Amino acid sequence: MLTVVVGGFFGDEGKGKVAAYLALSKDYRYAVRTGAINAGHTVVYNGVTYRLRILSAAFVNKSAKLLVPPGALISLDLFVNEVNMLGVKGRVFVDYKTGVIEEIHVRREREDPVLKSIGSTFTGVGAAMADRVLRRLKLASDIPELKEYLADIPLMVNQALDSGEKVLVEGTQGTFLSLYHGTYPYVTSRDTTAPGILSEVGVGPKRVDHVVVVFKAYVTRVGAGPLEGEISPVEAERLGWLERATVTGRVRRVAPFNFELAKRAVMLNSATCIAITKLDALFPSAKHARSWSELPSEARKWIEKVEEELKVPVVLIGTGEEVLDMVDRSRDLGVDL
Ligand code: IMP
Ligand code: MG
């Protein structure tokens, strides 16, 4: 079974938490994280906060193999640090064709006026992607230190699916940061939607069982670009919606939940399920709820409104930072995640 987790807004929707929850509670044994090191996914598990830039948040399931696909971009030092920090050596596999970002890419980006104007994270990802397009980027198979991790990830994933294993594909960033479908030029350097994610992994669309589009209960955006209904940082602080970016530490811009954007994200990704995170930010008494009946009735009504507008079931609802602070409606709704 193949499940894709994808961001519905501008990144930072809580994909890490959703991926970690699914891996743990539904026992996914294969987890592929796409994208690159500009994206930070945060997981809070047993009181410990992990900030991930390369490996899947599914690491919390100790039986999960953690795969880095050909379409991803890593940097050697971040990769080695992350493997050591998480203590996951032995279950990490990197594709021969995964791209490798080097110091030169970061340096080149820092001098680029366009990247300055859009508020890039300056992690070298765009420059490395450009080199890949120009066929001059180093791949994982060129780096001796990565030798012990190398594997054919598309083959691993497709064989796992053939033998009935559960595979989780964790996207990075969000639909409207997509190079093709986002708010160009205020976008990242890849297609962040479900089809783009699948292409990065090397698995075809017919193999997909679930596309879980993740929306936060409000919208945030880091860097420049349009953000409809944007509120001031002071107002965001008052509402408890002020956040800082995982990778750059910048204060995130904030707006209320946007139904029109959400509808378009559902369309672009062909969503089969929705996950809403941080519902407790809208309804404080929803905090730490772990069942539908524990949610206050106004929170349930809001979720029902989301379902009515988007015409897709809301299967997972985040109610706190911890991975297991989640209302899981999959059984009630008959969704076999
Ligand atoms: P770049 O891809 O690092 O050049 O950044 C391009 C734009 O995408 C900037 O506005 C970044 O803030 C934004 N961006 C890149 N990665 C992420 C992410 O993981 N979460 C949120 N925004 C991101
Ligand atoms: Mg993030």
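Counting convention: from 1, in listed order, for ligands and their atoms alike. Values below: every heavy atom of this structure, side chains too, minus hydrogens, waters and symmetry copies. Remember, predicted model here, so these are calculated numbers, not experimental data. Numbering of residues begins at 1 and proceeds along the displayed sequence.
How far CD of E294 is from OG of S291: 3.5 Å, rounded to the nearest 0.5 Å.
Looking only at heavy atoms of the protein, atom 16 (N) of ligand 1 is closest to Q173 NE2, 3.0 Å. Of the protein's heavy atoms, L177 CD1, 3.8 Å lies nearest to atom 14 (N) of ligand 1.
Closest to the Mg ion (ligand 2) among the N, O or S atoms of D12 is OD1.
A salt bridge does not link R290 to E322: none of the charged nitrogens lies less than 4.0 Å from a carboxylate oxygen. Using a cut-off of 4.0 Å between Lys/Arg side-chain N and Asp/Glu carboxylate O, K65 and E165 are scored as not salt-bridged.
The shortest heavy-atom distance from G119 to ligand 1 is under 4.0 Å. Judged by the shortest distance from any of its heavy atoms, V187 lies inside the 4.0 Å radius around the atoms of ligand 1. Taking a 4.0 Å cut-off on heavy atoms, I118 registers as neighbouring ligand 1. The shell of residues lying under 4.0 angstrom from ligand 1, judged by heavy atoms, includes R250. Look at F10 and you'll find a heavy atom under 4.0 Å from some atom of ligand 1.
Ligand 1 has a nitrogen or oxygen under 3.5 angstrom from a nitrogen or oxygen of S120. In terms of polar-atom proximity, V222 is counted as a contact of ligand 1, with an N or O under 3.5 Å from an N or O of the ligand.
Among the backbone and side-chain atoms of G11, no N/O/S atom is found under 2.8 Å from the Mg ion (ligand 2).
A cation-pi arrangement, defined by a distance under 6.0 Å to the six-membered ring centre and an angle within 45 degrees of its axis, is absent between K216 and F10.
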